[in-house]
J.: 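Input: one structure, supplied below.
Values below: all heavy atoms of this structure, side chains included; hydrogens, waters and symmetry mates excluded.
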Amino acid sequence: MFSHRFAVAVSLGLLAFLAAPQAAWALEPASLPVAEFNEPALLEALDELAAVKAGDAKVWLEKRAAVTAFGGNALPALEQAAKLEHWTREGYPRALAAEVCRLRISQPELAKVVDQPRGINPEVYRQFRHGKPSCHRDFAHAGNSILPLLLEALVFTLPERKFSSAESGQLERDTLLAALVQVPGEKFDGRARFVLEDVLKSGSHGDGLRALAAVSYAQCAGAEGLALLDEVVSSASTPLRVREGAAMALGWVADAKALASVKSRLDSPGLRGEGEDAVALRRALIVALGTLGNSGGWQARGAEKAELAREMRAGCAAVLVVCLRDFPADVEFISSALCAVAWKDSLGEVRKLAEDASGAEAVHKAARQILPLLEMAVARER
């Protein structure tokens with residue numbers, strides 16, 4: 001039997017051995033082989049990813065994996081490649097690829113929100129009160145960081161996504177697509193501009209999605225998007241629904257040029273008829289005036305925009321009063337727009353039309369219909 005003294009000695013020796021920094025079985029981390037980070041190889045892989053064609057999900061996923069395999073060492077170079085100045089028409093594919101990979105390395109949980117949207121999972125959405133897919137809210141509440149991942153899904157990975165069969169699957173896909181197009185605009189993030197422009201101009205997407213893209217594009221591009229929006233509204237070869245979307249989108253460009261564009265179109269003989277195209281486009285432009293002059297929207301822009309706010313609201317209200325005289329059949333649209341603008345001077349103008357029995361009966365009736373609603377809207381402004 002071992003003596004107690006011997007046992008203690010052995011224990012102390014073992015502890016000393018375990019604590020020894022040069023124990024034969026323990027290798028310091030510094031002595032382990034470390035793969036050298038190869039930045040030129042990373043940038044080459046990034047270039048290959050940026051060159052993938054839209055919709056080629058299989059190749060995109062393969063090339064993306066080659067970039068993300070560089071891990072955390074790649075983050076500084078990816079951050080540099082994704083800087084805001086690179087998000088130009090020519091440069092955005094590479095900037096998008098870089099930011100997508102950076103986020104997937106550094107924020108995998110954020111990527112999961114887009115890769116596996118809970119709201120289009122039938123096991124989840126069938127528990128909703130309405131029982132329908134919905135993922136807009138999850139994307140909208142995630143902050144602007146999620147935007148490149150939304151664009152990636154819209155441009156590249158959608159073809160590889162699995163949906164339910166038959167009508168349920170189509171509804172899931174349509175819901176996801178609408179959210180991918182709408183949310184970037186709601187974030188007013190200019191990085192989405194060129195992707196949304198491509199959706200708007202693309203004949204491969206449905207008319208409804210293209211119309212939605214027009215509004216989102218306007219929110220992201222601002223005044224720089226006016227030329228394309230005007231072009232789409234004017235294009236007789238473009239489906240009417242898309243032209244309507246572009247007309248309404250003019251209201252999201254908070255610029256005097258947008259107001260001038262809407263006014264000139266409403267003055268044009270082509271929109272004074274009662275044909276389907278004329279009525280639809282005219283009403284879309286009236287809606288645009290309500291958005292462009294919206295009192296709450298201008299208040300949110302702050303005191304530094306107060307002078308422009310007065311100019312825009314007054315201008316929108318004046319055009320809407322003219323619309324009331326010229327297009328009384330559009331009273332529902334004019335009423336909503338006037339109440340959104342809630343410009344005090346327009347109240348007096350509408351009151352005159354309501355009280356002027358000598359005018360056209362249709363105008364007189366429309367003004368009386370609008371008057372109490374406009375009175376309440378203006379009163380709330382005070």
J.: Can you confirm whether more than 12 heavy atoms, excluding those of Glu361, are under 6.0 Å from its CD atom?
T.: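 Result for CD/Glu361: enclosed.
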J.: Salt bridge check: are Glu197 and Lys201 linked by an N-O gap of less than 4.0 Å?
T.: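 Judged by the 4.0 Å cut-off on N to carboxylate O distance, Glu197 and Lys201 do form a salt bridge.
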J.: Say whether Phe188 and Leu180 are linked into one hydrophobic cluster, either directly or through other cluster members, by side-chain heavy-atom distances under 4.5 angstrom.
T.: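 Different hydrophobic clusters.
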J.: Can Phe194 be reached from Val100 by stepping across I, L, V, M, F, W or Y side chains whose heavy atoms are under 4.5 Å apart?
T.: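 Same cluster: Val100 reaches Phe194 through Ile, Leu, Val, Met, Phe, Trp or Tyr contacts under 4.5 Å.
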J.: When you look at Glu381 and Gln299, which way does the side chain to side chain donor-acceptor pair (under 3.5 Å) test go after all the steps?
T.: CA-CA 11 Å; Glu381 273 292 289; Gln299 286 175 9; 3.3 Å; yes
J.: Looking at side-chain heavy atoms only, is the closest gap between Arg173 and Leu176 below 4.5 Å?
T.: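 Sidechains of Leu176 and Arg173: no contact.
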J.: Between CG of Asp356 and CZ of Arg351, what distance do you get to the nearest 0.5 Å?
T.: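 Rounded to the nearest 0.5 Å, the CG-CZ separation comes to 14.5 Å.
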J.: Taking the side chain as C-beta and beyond, is there a heavy-atom pair between Glu109 and Lys112 under 4.5 Å?
T.: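 Yes, side chains in contact.
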J.: Any side-chain heavy-atom pair from Arg283 and Glu332 closer than 4.5 angstrom?
T.: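 In short, these two side chains do not touch, never coming nearer than 4.5 Å.
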J.: At what distance, to the nearest 0.5 angstrom, does OG of Ser261 lie from CG of Asp255?
T.: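 CG of Asp255 is found 10.5 Å from OG of Ser261.
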J.: Any donor-acceptor pair under 3.5 Å linking the side chain of His364 with the backbone of Ala354?
T.: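 Looks like yes, one N/O pair under 3.5 Å.
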J.: Are any side-chain N or O atoms of Asp189 and backbone N or O atoms of Ala192, one a donor and one an acceptor, separated by less than 3.5 Å?
T.: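 The answer is no, because no donor-acceptor pair under 3.5 Å joins these two groups.
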J.: Using a strict threshold of under 4.0 Å (side-chain N to carboxylate O), is an ion pair present between Asp198 and Arg89?
T.: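 Here Arg89 pairs with Asp198 in a salt bridge, since their nearest N and O are under 4.0 Å apart.
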J.: For the side chain of Ser216 and the backbone of Gly185, is there at least one donor-acceptor N/O pair under 3.5 Å apart?
T.: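 Yes; at least one donor-acceptor contact below 3.5 Å.
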J.: Between Phe333 and Val279, is there shared hydrophobic-cluster membership here, with clusters defined by ILVMFWY side-chain heavy atoms closer than 4.5 Å?
T.: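 They do not share one cluster, since no chain of ILVMFWY contacts under 4.5 Å joins Phe333 to Val279.
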J.: Group every Ile, Leu, Val, Met, Phe, Trp and Tyr by side-chain heavy-atom contacts under 4.5 Å, then state whether Leu149 and Leu75 land in the same group.
T.: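 In one cluster with Leu149: Leu75, yes.
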J.: Mind running side-chain contact (heavy atoms from CB on, under 4.5 Å) on Arg161 and Phe163 for me, showing each step along the way?
T.: CA-CA 7 Å; Arg161 194 178 294 271; Phe163 299 101; 3.5 Å; yes
J.: Between Glu375 and Arg380, does at least one N-O distance fall below 4.0 Å, as a salt bridge requires?
T.: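 Salt bridge flag = no for Arg380 with Glu375.
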J.: Looking at Gln127 and Glu123, would you say the former's side chain and the latter's main chain have a donor-acceptor pair under 3.5 Å?
T.: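 Present.
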J.: With the side chain counted from C-beta on, respond yes when Leu78 and Glu99 share a heavy-atom pair under 4.5 Å apart, and no when they do not.
T.: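 Answer no - side chains too far apart.
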J.: A side-chain contact here means heavy atoms from C-beta on lying under 4.5 Å apart; do Lys53 and Pro93 qualify?
T.: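 They are not in contact (no side-chain heavy atoms under 4.5 Å apart), so the answer is no.
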J.: Would you say that Thr175 contacts Gln170 through its side chain, given a criterion of any heavy-atom pair below 4.5 Å between the two side chains?
T.: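 The answer is no, as the side chains (C-beta and beyond) never meet within the 4.5 Å cut-off.
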J.: Can you check side chain to side chain donor-acceptor pair (under 3.5 Å) on His136 and Glu186, steps first, answer last?
T.: CA-CA 11 Å; His136 176 277; Glu186 293 172 350; 2.8 Å; yes
J.: Minimum heavy-atom separation for Leu308 to Ala254, with atom names?
T.: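 Between these two residues, the closest heavy atoms are CD2-O, 4.2 Å.
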J.: With a 4.5 Å cut-off on side-chain heavy-atom distances among I, L, V, M, F, W and Y, is there a chain of contacts connecting Val232 to Leu226?
T.: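 Yes, one cluster joins them.
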J.: Restricting to non-hydrogen atoms, name the atom on Ala142 and the atom on Ile146 that form the minimum distance, rounded to 0.1 Å.
T.: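 Taking every non-hydrogen atom into account, CB-CD1, 3.6 Å.
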J.: Just verifying a value: how many Å separate Cys316 SG and Leu292 CG, rounded to the nearest 0.5 Å?
T.: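 That separation rounds to 4.0 Å.
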J.: Give the intermediate values and the outcome of side-chain contact (heavy atoms from CB on, under 4.5 Å) for residues Phe156 and Asp56.
T.: CA-CA 6 Å; Phe156 295 107; Asp56 195 343; 6.0 Å; no
J.: Tell me whether Lys187 contacts the main-chain N or O of Leu147 through its side chain, where contact means a donor paired with an acceptor under 3.5 Å.
T.: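 Absent.
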J.: Would you confirm whether Thr68, through its side chain, and Arg64, through its main-chain N or O, come within 3.5 Å as a donor-acceptor pair?
T.: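 Side chain of Thr68 to backbone of Arg64: a pair is present.
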J.: For the residue pair Ala317 and Trp343, what are the closest heavy atoms and their distance?
T.: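 Residues Ala317 and Trp343, closest heavy atoms: CB-CB, 3.7 Å.
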J.: Take atom CZ in Arg272; do more than 12 heavy atoms of anything else shown fall under 6.0 Å from it?
T.: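 Result for CZ/Arg272: enclosed.
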J.: Do any N or O atoms from the side chain of Thr291 and from the backbone of Val287 form a donor-acceptor pair under 3.5 angstrom?
T.: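 The answer is yes, because a donor-acceptor pair under 3.5 Å joins these two groups.
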J.: Taking all atoms of both residues into account, what is the closest heavy-atom pair of Ala288 and Ala247, and its distance?
T.: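 Nearest pair, atom of Ala288 first, then Ala247: CB-O, 3.4 Å.
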J.: How close do Ala249 and Ala218 get, heavy atom to heavy atom, and via which atoms?
T.: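 Smallest interatomic distance, heavy atoms only, reads O-CB, 3.3 Å.
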J.: Decide side-chain contact (heavy atoms from CB on, under 4.5 Å) for Leu281 and Arg243; before the verdict, give the C-alpha distance in whole Å, the side-chain angles of both, and the deciding distance to 0.1 Å.
T.: CA-CA 7 Å; Leu281 290 175; Arg243 296 174 70 193; 3.4 Å; yes
J.: Sort out for me which residue in Glu172, Arg118, Lys132 forms a side-chain hydrogen bond (donor to acceptor under 3.5 Å, both in side chains) with Tyr125.
T.: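 Of all the options given, the one that passes is Glu172.
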J.: Check whether Arg210 reaches the backbone of Gly203 with its side chain - one donor and one acceptor, N or O, closer than 3.5 Å.
T.: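 No; judged by distance alone, with no hydrogens or angles, the pair does not exist.
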J.: Report the distance from atom CG of Leu250 to atom CZ of Arg265, rounding to the nearest 0.5 Å.
T.: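 Here the interatomic distance stands at 7.0 Å.
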J.: Go through the steps to decide whether Glu79 and Arg102 satisfy the test salt bridge (charged side-chain N to carboxylate O under 4.0 Å, His left out), and finish with yes or no.
T.: CA-CA 7 Å; Glu79 183 176 359; Arg102 188 189 73 82; 5.6 Å; no
J.: So, Arg313 side chain and Val341 main chain: donor-acceptor pair closer than 3.5 Å or not?
T.: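 Present.
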J.: Just how far is it from atom CE of Met248 to atom CD1 of Ile286, taken to the nearest 0.5 Å?
T.: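 So the CE of Met248 and the CD1 of Ile286 are separated by 12.0 Å.
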J.: Relative to Phe327, does Arg282 satisfy both conditions: NZ or CZ under 6.0 angstrom from the six-membered ring centre, and within 45 degrees of the ring's axis?
T.: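 Here Arg282 passes the 6.0 Å and 45° test against Phe327.
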J.: Pick out which of Leu373, Asp330, Leu374, Leu324 makes a side-chain contact (heavy atoms from CB on, under 4.5 Å) with Ser335.
T.: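 When side-chain contact (heavy atoms from CB on, under 4.5 Å) is applied between Ser335 and each of Leu373, Asp330, Leu374, Leu324, only Leu373 qualifies.
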J.: For Trp60 and Glu160: C-alpha separation, side-chain torsions, deciding distance, then whether side chain to side chain donor-acceptor pair (under 3.5 Å) applies.
T.: CA-CA 10 Å; Trp60 174 267; Glu160 287 289 302; over 6 Å; no
J.: With the side chain counted from C-beta on, respond yes when Tyr92 and Arg191 share a heavy-atom pair under 4.5 Å apart, and no when they do not.
T.: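 Counting from C-beta outward, Tyr92 and Arg191 never come under 4.5 Å.
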J.: Sub-3.5 Å donor-acceptor pair from the side chain of Ser235 to the main-chain atoms of Glu231, do we have one?
T.: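 A pair under 3.5 Å: no.
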J.: Taking the side chain as every heavy atom from C-beta outward, state whether Leu347 and Leu371 have any atom pair closer than 4.5 Å.
T.: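 In short, these two side chains touch, coming nearer than 4.5 Å.
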J.: Output the distance between atom SG (Cys101) and atom CZ (Arg104), rounded to the nearest 0.5 Å.
T.: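 Cys101 SG to Arg104 CZ: 8.0 Å, rounded to 0.5 Å.
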